[in-house]
Q: 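Sending over a structure as structure tokens; questions will come in a sec.
In the text below, chain A, chain B and the rest are named by the order of the sequence lines, each starting its count at 1. Bear in mind the structure is a predicted one, so any value in this text is a computation, not a measurement.
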2 protein chains.
Amino acid sequence: MNDDGWVPPQVLLAVDLVILTLRESRMHVLLVERGVEPFRGVRALPGGFLGHVDEDLLDAAHRELAEEAGLTADHVHLEQLGVYGAPGRDPRGRVVSVAYLAIAPRLPEPVAGTDALEAGWTPVDAVLSGGERLAFDHRRIVSDGVERARSKLESTALATAFCGPLFTIAELQGVYEAVWSVRLDPRNFYRKVQSVDGFIEPVGPRRKPEVGRPARLFRAGAHKTLRPPMTRPVDSTDEKAVEA
Amino acid sequence: MNDDGWVPPQVLLAVDLVILTLRESRMHVLLVERGVEPFRGVRALPGGFLGHVDEDLLDAAHRELAEEAGLTADHVHLEQLGVYGAPGRDPRGRVVSVAYLAIAPRLPEPVAGTDALEAGWTPVDAVLSGGERLAFDHRRIVSDGVERARSKLESTALATAFCGPLFTIAELQGVYEAVWSVRLDPRNFYRKVQSVDGFIEPVGPRRKPEVGRPARLFRAGAHKTLRPPMTRPVDSTDEKAVEA
DNA sequence: AGAATAGTGTCTTTTAGACAGTATGGG
DNA sequence: CCCATACTGTCTAAAAGACACTATTCT
């Protein structure tokens, strides 16, 4: 910024994606096996470098979403998660990664990557508990993404992003239960979710299940922020702090 | 990432700071007048390019905090706000900016900048209403920062960052009133704020004011997240959406 | 005593939590 | 008729909102 001959350093910019979805009532994250060094053969978040100098960051995220996950922008929630730029995080040099959080409804299996040997949905518990080793600082990024999702379920309509365009209340409850790892009372959930203004709106038809009474269908309402918020049950696994 | 001769593009990385504080019961943001092109003479957020290739992002934020605002890390809350990387945002080329949100208690006036002609606290309303023109996309960044602060006041102990290490309950209420632009009932606020576990803890002495009964002093508690959260009164200025 | 600010108590309304019964489809 | 799932009520406990009084310091 000065005229004394100093020039600011340049960095490589990467975009990484934390794509979350629900499978068998558990939260999964999409991981791809790296085909090149560094961390060849280790699983990592889908992502890559900026395509060209003039590519917008959000466009790059959409491009990776399509290339590595085969997901089109339709019905996929995408938001910026944060920047990860610790100096030593990439052995190739100074690489700063912009992480995006994507929430997708359960989709048909196919996930074919271009520059990834293998792509697959992995339960987030397996990643967070350390059972699965990830490249770079991607475990931390996954952890932050999951925490973001958990938190935004309280105050925003993010849960609807895990569902298709039409969903039942029981489905929506399943989202909350899976992401928060809790059990909720269906009766109180019905009452609560329908009392929050603009959260969900009923649509005509009903869904015919294999067995049991057909359920009413809803779609996401107009309000993105929930007032009052959905309340997460107190987890008995909370930390106490010392008094000085 | 491939071996076909393509090399990923490099970008310039900047760090910008949204520093918020309270002055005369109003939220202010620190702006500096730019001494060089582009936007010479226009006010902008304090910030600058990465010092060297191996500088950590958070370190860079702390450095700018000291250089441009004269603030040491003590008693200053600093968190990442987001990345701003639209292709055309900087006429000098592809500059990606990592924005940090800083919350500081009211401090002695002096704010002496190095590469800024003039630095000063500006009411955020003046910035957000467009009364003050800012360089680059900095008005948007300020807007995001303010919104982040407003939101986190509900669910975290961020309000204590606006106060010094010791504060009274009335002071804390003033923070909520200023940031949210609302009036709160002192009696309900006293009850509420003391019932939230780990939010504030009493310390021995009392503060002697110029007039009136001395107030008890508190300090920030151990818990960073508030359960249950502080509830923001419903603003009558909320948007409605159409029904399809 | 009076002014000014700090702090406490009570009542009412709303919301959350726990729990049981009825309704509607397909065999 | 039985099963499985969808939905509706009711009671109770806790929290939020509205409001009035007492307490402590200084001049």
Q: From CZ of B:Arg216 over to P of D:dA23, roughly how many Å is that when rounded to an integer?
A: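 Taking atom P of D:dA23 as the reference, CZ of B:Arg216 is at 16 Å.
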Q: Any donor and acceptor pair, going by atom type alone, linking the side chain of A:Ser195 with main-chain N or O of A:Lys192 inside 3.5 Å?
A: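 At least one qualifying donor-acceptor pair exists.
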Q: With a non-hydrogen cut-off below 4.0 angstrom, is A:Thr231 in contact with a base, only sugar-phosphate, or nothing?
A: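 Sugar-phosphate, no base atom in range.
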Q: SG of A:Cys163 to CD1 of A:Ile169: how many Å apart, nearest 0.5 Å?
A: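 So the gap between those two atoms works out to 11.0 Å.
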Q: May I have the distance from A:Ile169 (atom CD1) to D:dC7 (atom P), rounded to whole angstrom?
A: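 Computing the A:Ile169:CD1 to D:dC7:P distance gives 7 Å.
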Q: Does a distance-only test, which skips hydrogens and angles, find a donor-acceptor pair under 3.5 Å between the side chain of B:Arg191 and the base of C:dG9?
A: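 No, no donor-acceptor pair under 3.5 Å.
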Q: In whole angstroms, how far is the C1' atom of C:dT15 from the CZ atom of A:Arg232?
A: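 To the nearest whole Å, that distance equals 20 Å.
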Q: Report yes if a donor N or O on one partner sits less than 3.5 Å from an acceptor N or O on the other, where the partners are the side chain of A:Arg213 and the base of D:dA4; otherwise report no.
A: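 Looking at the base of D:dA4, it does not pair with any donor or acceptor on the side chain of A:Arg213 (distance under 3.5 Å).
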Q: Output the rounded distance in Å from CG (A:Asp185) to C1' (D:dC11).
A: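 Nearest whole value for this atom pair: 14 Å.
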Q: Expressed in angstrom and rounded to an integer, what is the separation of B:Leu217 atom CG from C:dT5 atom P?
A: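 Atom CG in B:Leu217 sits about 17 Å away from atom P in C:dT5.
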Q: Toward the 5' end of DNA chain D, which comes first, B:Pro229 or B:Glu210, by nearest nucleotide?
A: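 That would be B:Pro229.
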Q: Can you tell me how far C1' of D:dA15 sits from CG of B:Asp197, to the nearest Å?
A: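 The distance from CG of B:Asp197 to C1' of D:dA15 comes to 16 Å, rounded to the nearest Å.
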Q: Check the pair A:Thr168, A:Leu217 against side chain to side chain contact (heavy atoms under 4.5 Å, CB included), reporting the backbone distance first and the verdict last.
A: CA-CA 5 Å; A:Thr168 70; A:Leu217 283 174; 3.9 Å; yes
Q: Please report, rounded to the nearest Å, how far the C1' atom of D:dA6 is from the CZ atom of A:Phe218.
A: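 Value for this atom pair: 11 Å.
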Q: Mapping A:Gln194 and B:Gly212 onto DNA chain D by nearest heavy atom, which one lands closer to the 5' end?
A: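 Closest to the 5' end, via its nearest nucleotide, is A:Gln194.
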Q: Distance criterion of 3.5 Å, no angle test: do you see the side chain of B:Arg187 paired donor-to-acceptor with the base of D:dA20?
A: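 Side chain to base: pair found, below 3.5 Å.
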Q: Are the aromatic rings of B:Phe136 and B:Tyr84 close, with centres under 6.0 Å apart?
A: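 Centroid separation for B:Phe136 and B:Tyr84: 6.0 Å or greater.
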Q: Please state whether the phosphate of D:dA16, meaning OP1 or OP2, lies under 4.0 angstrom from any side-chain nitrogen or oxygen of B:Lys192.
A: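 Looking at the OP1 and OP2 atoms of D:dA16, one of them is under 4.0 Å from a side-chain N or O of B:Lys192.
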Q: Once you apply a heavy-atom cut-off of 4.0 Å, does B:Thr168 come out as touching a base, just sugar-phosphate, or nothing?
A: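 Result for B:Thr168 = nothing.
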Q: Of all the nucleotides listed (C:dA16, C:dA18, D:dC7), which has the minimum atom distance to the side chain of A:Asn188?
A: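 Of the candidates, C:dA18 comes closest.
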Q: Inspect the contact between A:Asp144 and A:Arg140 and indicate whether a charged nitrogen and a carboxylate oxygen are less than 4.0 angstrom apart.
A: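 Result for this pair is yes, salt bridge flagged.
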Q: Starting at CZ of A:Arg206 and ending at C1' of C:dG25, how long is that distance when rounded to a whole Å?
A: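 My rounded result for the distance is 10 Å.
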Q: Which of the following nucleotides, D:dA18, C:dT8, C:dA18, is nearest to the side chain of B:Tyr190?
A: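 Minimum distance to the B:Tyr190 side chain belongs to C:dT8.
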